[in-house]
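In this chain, numbering begins with 1 at the start of the sequence shown.
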Amino acid sequence: MIKKLVFIMLAAALISSCSYGSRNTIPVIFDTDLGNDIDDVLALQMLLNYDRDDIIDLKAVTVSKNNVHSIEFVDGYCRYNGHSDIPVGFAYDGVTPDDYYYLVPTLSAEVNGHRLLVPQINPDSVEEGFRVIRKKLVEAEDNSVVLIAVGPLTNIGRLLDSGADDISSLTGVELMKKKVKLLSVMAGMFDAENMFPEYNVVCDIPAARTVFEKCPVRMVVSGWELGNKLLYPHTSILNDFGDAGKHPLAIAYCNYMEMPYDRQTWDLTSVMAGVEPENGIFRYSEPGRIAIDENGYSIFTADPDGNHCYLILDEANHNVALEALVRQVTGKQM
């Protein structure tokens, strides 16, 4: 009887291991300027789908856009997708406070007299973004967290500038070195023939310089030139989310610009690189160091001891990359 009981327990443990232990769930913190461009919403949907499939555990979303509607959108959108417990942080006194095009229309959108997005967050009580990140890093296992940043680097810069506090006796640099295994960033421009200061960098140059100078972990950077090649098809917006007038992603997309348009996938590439770094779709540059000059230009210097690299998309992988991004946004097999 004892032997039979032991066998049953071992069998149950093996089944559990096969069912749930074959893949390690990745803790992810997402920093976004949602409200500026529509690709932030697509990127957030990707992460919510990864979370749904137990590939990641979305620990927090921090907003680098200084607009309370961005906080409400993130909270409402996560709740719409069945996530009512994701902490949200905010870059107080940050950059880009404008409403722009889709935040208010999407938050106001109704179906059958009911709002699609129903945020329950109190914007006046939202904690500083860098403090939210510090709390989540303290809770995490060492060398486990993937931090993905796809907007101005205000929150990440403040994290790295932070000192010991009531959350942790470690500085931001020490905490990041201890807890973060990868920082995936959409920033900069690495096409030598078409250099210009990239938007996420120039919005907060001091923060960008801080991040590239102080980041103590491996940083994978998706430059402007990469996402610019991959255009998200508007047909997916119209066809893959049911009635486009009843889904907040489609409503936001249609309010951002006049349809039909195919939008660049800048932020989506950083999400995929952070969650699936070894999927073979993108290639990595040689290791090196990226510096941001006073005008916001991104300067890459090869260095075998450097912990920076940027993503490269080979033309042969163009369609593969686009199909993979669309598949992850829609959550559907193509």
Side-chain angles (χ1 to χ4, degrees), residues 30-49 61-83 86 88 90-91 94-121 123 126 148 150-152 186 198-200 203 224 227-228 230-271 322 325-332:
F30 183 49
D31 187 67
T32 173
D33 63 335
L34 187 145
N36 283 340
D37 205 324
I38 194 60
D39 55 337
D40 294 81
V41 182
L42 301 176
L44 179 57
Q45 185 65 61
M46 286 180 71
L47 288 167
L48 291 167
N49 289 342
V61 178
T62 53
V63 175
S64 60
K65 178 177 174 62
N66 186 20
N67 186 305
V68 295
H69 295 312
S70 295
I71 304 170
E72 294 169 335
F73 191 111
V74 167
D75 182 62
Y77 196 84
C78 289
R79 292 177 187 278
Y80 178 87
N81 281 272
H83 293 272
I86 295 179
V88 179
F90 188 51
V95 296
T96 64
D98 304 271
D99 286 342
Y100 292 127
Y101 311 111
Y102 66 83
L103 286 175
V104 174
T106 311
L107 285 166
S108 302
E110 295 184 354
V111 174
N112 299 324
H114 299 284
R115 293 276 179 94
L116 278 175
L117 298 185
V118 187
Q120 297 181 29
I121 197 166
V126 175
I148 301 173
V150 297
M186 191 280 122
E198 187 271 326
Y199 178 84
N200 285 347
C203 277
W224 182 93
N228 189 58
L230 298 166
L231 303 181
Y232 196 91
H234 72 275
T235 52
S236 170
I237 301 299
L238 296 177
N239 299 325
D240 291 332
F241 298 92
D243 186 337
K246 297 181 179 180
H247 195 289
L249 184 150
I251 292 170
Y253 194 99
C254 292
N255 274 281
Y256 180 67
M257 290 176 62
E258 183 177 352
M259 287 285 272
Y261 71 97
D262 298 341
R263 190 58 176 165
Q264 287 87 342
T265 58
W266 292 297
D267 296 350
L268 287 66
T269 60
S270 282
V271 168
L322 186 56
L325 293 173
V326 173
R327 183 168 59 247
Q328 189 54 43
V329 171
T330 61
K332 300 177 180 179

List the atom of [X], the atom of [Y], and the distance in Å for their closest heavy-atom pair.
{"X": "Leu107", "Y": "Pro119", "answer": "CD2-CG, 4.3 Å"}
{"X": "Phe90", "Y": "Val68", "answer": "CZ-N, 4.4 Å"}
{"X": "Pro233", "Y": "Leu322", "answer": "CD-CD1, 4.4 Å"}
{"X": "Asn49", "Y": "Val329", "answer": "ND2-O, 2.9 Å"}
{"X": "Gly227", "Y": "Thr269", "answer": "CA-CG2, 4.3 Å"}
{"X": "Phe241", "Y": "Ser236", "answer": "CD1-O, 3.5 Å"}

side-chain contact (heavy atoms from CB on, under 4.5 Å) against [X], all qualifying residues, sequence neighbours excluded:
{"X": "Val118", "result": "Arg115"}
{"X": "Ser108", "result": "Val104"}
{"X": "Ala250", "result": "Ile237, Ala244, His247"}

Checking the side chain of [X] only, and the main-chain atoms of [Y] only, is there a donor and an acceptor separated by less than 3.5 Å?
{"X": "Asn67", "Y": "Asp98", "answer": "yes"}
{"X": "Asn228", "Y": "Trp224", "answer": "no"}
{"X": "Gln264", "Y": "Trp266", "answer": "no"}

TODO: Before giving the answer on side-chain contact (heavy atoms from CB on, under 4.5 Å), spell out for Leu47 and Ile148 the whole-Å C-alpha distance, their side-chain angles and the decisive distance to 0.1 Å.
DONE: CA-CA 10 Å; Leu47 288 167; Ile148 301 173; 4.1 Å; yes
Between [atom1] of [X] and [atom2] of [Y], what distance do you get to the nearest 0.5 Å?
{"X": "Asp33", "Y": "Tyr100", "atom1": "CG", "atom2": "OH", "answer": "9.5 Å"}
{"X": "Gln45", "Y": "Asp40", "atom1": "CD", "atom2": "CG", "answer": "13.5 Å"}
{"X": "Thr265", "Y": "Leu325", "atom1": "OG1", "atom2": "CG", "answer": "5.0 Å"}
{"X": "Thr106", "Y": "Leu116", "atom1": "OG1", "atom2": "CG", "answer": "9.0 Å"}
{"X": "Tyr77", "Y": "Leu117", "atom1": "OH", "atom2": "CG", "answer": "8.5 Å"}
{"X": "Leu44", "Y": "Asp267", "atom1": "CG", "atom2": "CG", "answer": "11.0 Å"}

TODO: Please list, chain by chain and in numerical order, all residues satisfying ring pair (Phe, Tyr, Trp, His ring centres under 6.0 Å) with Tyr232, sequence neighbours excluded.
DONE: none
Open item on the list: In terms of relative ring orientation, are Tyr261 and Tyr256 parallel, tilted or perpendicular, with 30° and 60° separating the classes?
Closed with: tilted
Task: Residue pairs involving residues 63-76 (criterion salt bridge (Lys or Arg N to Asp or Glu O under 4.0 Å); sequence neighbours excluded) - done: Asp75-Arg79
- [ ] Run the numbers on Phe73 and Val41 for side-chain contact (heavy atoms from CB on, under 4.5 Å), then give the verdict.
- [x] CA-CA 9 Å; Phe73 191 111; Val41 182; 4.1 Å; yes
- [ ] Answer yes or no: does atom CD of Glu258 have more than 12 heavy-atom neighbours from other residues, nucleotides or ligands under 6.0 Å?
- [x] no
- [ ] Return yes when atom OH of Tyr101 has more than 12 non-hydrogen atoms of other residues, nucleotides or ligands closer than 6.0 Å, and no otherwise.
- [x] no
4.5 Å side-chain heavy-atom contact, [X] and [Y]:
{"X": "Asp39", "Y": "Leu268", "result": "yes"}
{"X": "Met259", "Y": "Tyr253", "result": "yes"}
{"X": "Thr96", "Y": "Tyr199", "result": "yes"}
{"X": "Phe30", "Y": "Val271", "result": "yes"}
{"X": "Ile251", "Y": "Tyr102", "result": "no"}

Task: salt bridge (charged side-chain N to carboxylate O under 4.0 Å, His left out) involving Asp37 - partner list, sequence neighbours excluded - done: Arg263
Open item on the list: I'd like to know whether Leu103 forms a side-chain contact (heavy atoms from CB on, under 4.5 Å) with Ser70, so could you lay out the CA-CA distance, the side-chain angles of the two residues, the decisive distance to 0.1 Å, and finally the verdict.
Closed with: CA-CA 7 Å; Leu103 286 175; Ser70 295; 3.6 Å; yes
TODO: Any chance you could lay out the side chain to side chain donor-acceptor pair (under 3.5 Å) test for Asn239 and Thr235, step after step, and finish with the verdict?
DONE: CA-CA 6 Å; Asn239 299 325; Thr235 52; 5.0 Å; no
Open item on the list: Checking Leu48 against Ile86 for the side-chain contact (heavy atoms from CB on, under 4.5 Å) test, could you report, in this order, the C-alpha distance in whole Å, the side-chain angles of both residues, the deciding distance, and whether it holds?
Closed with: CA-CA 11 Å; Leu48 291 167; Ile86 295 179; 4.3 Å; yes
